[in-house]
Amino acid sequence: MATSVNGFSKLTKQEKIAWLASHHFKNKETGIEILKQYWNSDIKLQRLHDEFIENTISNFYLPLGIAPNFLINGKYRTIPMAIEESSVVAAAGNAAKFWQKRGGFKAEVLGTEKVGQVHFIYAGDVDKLREFFSQVQPKLFDATFELTENMRKRNGGITAITLRDKTEDLQHYYQLHCTFETRDAMGANFINSCLETIAKAFEFELKSSDLFTPREKDIQIVMSILSNYVPNCKVRASVSCKIEELRTDKNMDPLDFAHKFVRAVEIANIEPHRAVTHNKGIMNGIDAVVLATGNDFRAIEAGAHAYAAKDGRYRSLSQASIVDDVFTFSLEIPLALGTVGGLTSLHPLVKLSLEILEHPSAEELMEIVATAGLAQNFAALRSLTTEGIQKGHMKMHLLNILNHLGATPKQKAYFTSHFKNKTISHKEVIAEFNALKEKDDAQVPK
Ligand code: HMG
């Protein structure tokens with residue numbers, strides 16, 4: 001049973017597991033065995049993973065899949081995807097295969113500006129604060145001179161520091177709104193270090209200034225932190241072709257398909273319930289590549305959804321149109337990604353994923369990730385507006401159901417072939433599996 005524990009972090013891994021087993025596992029031996037099954041036999045590799053986070057007791061696997069055939073800006077990419085959900089990788093591969101014959105994907109980085117803010121409370125005269133800020137601003141850059149040295153050598157660094165008056169929204173609340181160029185790094189640590197230095201310098205200068213009364217000098221730096229909302233660190237991915245080229249043996253009439261597809265996107269644009277699921281489909285592709293390349297998917301998720309609601313209403317992140325017989329489908333999304341720093345040089349599979357992607361720059365990775373999101377969205381909408389999502393999705397999910405039922409490899413092969421061209425339901429698979437078991441031994445694949 002759960003109970004309070006003091007000093008848990010100081011226990012050894014074995015002791016933590018023993019505590020867990022005695023308080024939470026019905027069957028201690030089995031629970032411990034499961035945890036240990038997922039340990040890596042290479043002790044060094046296991047230690048590396050143990051040290052990624054705190055209180056580590058085991059590893060939590062996600063499959064790493066591969067979606068080939070992505071023709072992006074005229075260059076083929078093979079995309080690694082870390083994800084647990086069936087049919088996502090297949091859908092990505094399917095969309096890639098579809099668009100490679102229709103000119104491929106175009107992707108373009110629209111901006112790479114990162115953001116961080118020093119949030120502070122000042123109860124004095126606003127004009128004095130403005131005047132002080134204009135005097136002190138160069139000193140704030142100077143204060144970070146050493147910190148930014150390497151980044152400046154790469155043509156990065158702090159691009160602007162501005163004072164923002166937020167007192168209309170919250171009494172006495174101001175910000176130092178800072179923007180950054182972090183090149184191939186996601187830059188979280190760099191940004192946060194700069195912000196903390198800027199905050200200290202700002203407070204010191206303000207307290208030393210003759211402009212303010214003692215009361216006005218009593219400012220409060222509430223916090224200094226990067227923002228994961230980066231609307232100017234944005235990428236656009238798109239596909240486009242003549243409507244007639246949308247024809248396949250599986251599709252409905254291409255014109256009907258194109259119109260229905262555009263309608264589906266329009267619905268996601270004005271209806272938040274649909275928009276959330278629509279964007280979830282995009283994030284299937286985005287998150288999987290973000291994870292495989294060791295980037296922070298929570299930051300990407302939070303920023304993407306804030307961007308989807310930028311005009312006060314939650315909308316589709318993608319857009320579709322038909323102009324002069326040309327179908328265009330595009331996605332614009334903020335993506336602050338890195339290909340150096342963080343896990344990128346630590347996690348062996350992340351390193352390998354970046355190798356599979358041929359060591360992209362952060363901007364190239366933005367293009368690849370946005371393309372994966374667009375491809376995913378295209379595949380899902382194509383299914384939704386034609387045969388329905390369940391046919392393809394459940395075909396891929398079949399192995400999960402069969403594993404759940406304890407099917408043998410032969411039984412899995414039998415059912416995969418049996419259900420090949422059918423829309424599968426969970427109930428139907430169970431019924432057919434049980435019926436098969438009742439047949440005489442000769443007919444049952446084992
Ligand atoms: P299909 O047409 O039956 O596939 O599609 P196919 O057998 O003709 O194969 C064509 C290509 O698809 C293959 O080419 C692969 O690229 C890929 P090939 O490798 O043969 O040269 N493919 C596979 N890749 C790996 N393993 C496989 C596999 N099968 C096909 N086993 C497919 C089947 C599932 C791809 C299609 O129906 C599809 O794209 N469905 C969409 C599935 C989807 O969107 N899944 C996401 C999860 S559902 C969700 O969460 C999002 C949603 O709610 C979002 C929204 O509402 O907008 C739907």
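Along the sequence shown, residues carry numbers from 1.
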*Between the main-chain N or O of Ala185 and the side-chain N or O of Thr182, is there a donor-acceptor pair closer than 3.5 Å?*
yes
*Kindly check if the number of other-residue, nucleotide or ligand heavy atoms within 6.0 Å of NZ (Lys200) is above 12?*
no
*Please state whether the rings of Tyr38 and Tyr61 are parallel, tilted or perpendicular, taking 30° and 60° as the class boundaries.*
perpendicular
*Check: Phe378 ring centroid to Trp99 ring centroid under 6.0 Å*: yes
*Does a side-chain heavy-atom distance below 4.5 Å link Leu48 with Pro348?*
yes
*asked:* Please tell me whether His305 and Glu301 have a donor and an acceptor in their side chains that are separated by less than 3.5 angstrom.
replied: yes
_Testing the basics here: between Ala299 and Met186, what is the closest heavy-atom pair and its distance to 0.1 Å?_
CB-CE, 4.4 Å
*Between the side chains of Lys114 and Asn232, is a donor N or O closer than 3.5 angstrom to an acceptor N or O?*
no
*Side-chain heavy-atom pair Phe329, Val239 within 4.5 angstrom cut-off*: yes
_Cation-pi check for Tyr307 against Lys310: NZ or CZ below 6.0 Å from the six-membered ring centre and within 45 degrees of the axis, yes or no?_
yes
*Any side-chain donor-acceptor pair under 3.5 Å between Ser240 and Thr328?*
yes
*Kindly compute the distance separating CE (Met81) from CG (Leu62), expressed to the nearest 0.5 Å.*
12.0 Å
*Go through the steps to decide whether Ile161 and Phe133 satisfy the test side-chain contact (heavy atoms from CB on, under 4.5 Å), and finish with yes or no.*
CA-CA 10 Å; Ile161 306 175; Phe133 177 73; 4.1 Å; yes
*How far does CG of Leu317 sit from CD1 of Ile282, to the nearest 0.5 angstrom?*
5.0 Å
*Using only heavy-atom distances, determine whether the side chains of Asp42 and Gln46 contain a donor-acceptor pair under 3.5 Å.*
no
_Looking at Arg313 and Glu271, is there a salt bridge between them, counting it only when a charged N and a carboxylate O are closer than 4.0 Å?_
no
_Stepwise salt bridge (Lys or Arg N to Asp or Glu O under 4.0 Å) check, Arg382 with Glu387_ = CA-CA 8 Å; Arg382 185 155 84 119; Glu387 62 190 16; over 6 Å; no
*Does the ring centre of His347 sit less than 6.0 Å away from the ring centre of His49?*
yes
*Just checking, any donor-acceptor pair under 3.5 angstrom between side chains of His177 and Ser227?*
no
*Could you tell me whether Arg315 and Asp311 have a side-chain N and a carboxylate O separated by less than 4.0 Å?*
yes
*Would you indicate whether His404, at its atom NE2, is surrounded by more than 12 heavy atoms from other residues, nucleotides or ligands within a distance under 6.0 Å?*
no
_I want to check a possible cation-pi pair here: Arg152 against Phe145, using under 6.0 Å from ring centre and within 45° of the ring axis as the test._
yes
_Does the plane of the ring in Phe261 sit parallel, tilted or perpendicular to the ring in Phe327? Use 30° and 60° as the thresholds._
perpendicular
*Once the angle between the rings of Tyr414 and His418 is folded into 0 to 90°, is it parallel (under 30°), tilted (30 to 60°) or perpendicular (over 60°)?*
parallel
*Answer with yes or no after comparing the ring centroid distance for Tyr76 and Phe70 against a 6.0 Å cut-off, counting only values under it.*
no
_What's the separation between atom NE2 in His119 and atom OG in Ser224, rounded to the nearest 0.5 Å?_
8.0 Å
*Could you walk me through whether Glu364 and Arg77 pass salt bridge (Lys or Arg N to Asp or Glu O under 4.0 Å), step by step?*
CA-CA 11 Å; Glu364 285 171 319; Arg77 302 274 188 181; 3.6 Å; yes
_Please report the interatomic distance CD(Glu113) to OG1(Thr159), rounded to the nearest 0.5 Å._
5.5 Å
*Is a salt bridge present between Arg236 and Glu367, judged by a nitrogen-to-oxygen distance below 4.0 Å?*
no
*Evaluate salt bridge (Lys or Arg N to Asp or Glu O under 4.0 Å) for Glu149 paired with Lys153, printing each intermediate quantity in order.*
CA-CA 6 Å; Glu149 190 182 352; Lys153 280 185 194 151; 3.8 Å; yes
*Would you give the length of the straight line joining atom NE2 of His259 to atom CG of Asp253, rounded to the nearest 0.5 angstrom?*
9.5 Å
*Is the CD atom of Gln37 crowded by more than 12 outside heavy atoms at less than 6.0 Å?*
yes
*Taking 4.0 angstrom as the limit, do Arg247 and Glu244 come out as a salt bridge?*
yes
*Ignoring hydrogens and angles, state whether a donor on the side chain of Asn73 or Lys106 is under 3.5 Å from an acceptor on the partner side chain.*
no
*Go through the side-chain N and O atoms of Tyr173 and Asp165 and say whether any donor and acceptor fall under 3.5 Å apart.*
no
_Working for salt bridge (Lys or Arg N to Asp or Glu O under 4.0 Å), residues Arg263 and Glu266_ = CA-CA 5 Å; Arg263 185 60 45 83; Glu266 284 168 352; 3.2 Å; yes
*Is it the case that Asn400 and His397 place a side-chain donor and acceptor less than 3.5 Å from each other?*
yes
*Quick one: does Val115's side chain get under 4.5 Å of Tyr229's, heavy atoms only?*
no
*Do Asn269 and Ser316 get their side chains close enough for a donor-acceptor pair, meaning under 3.5 Å?*
no
*Glu181 and Thr112: side chain donor to acceptor below 3.5 Å*: yes
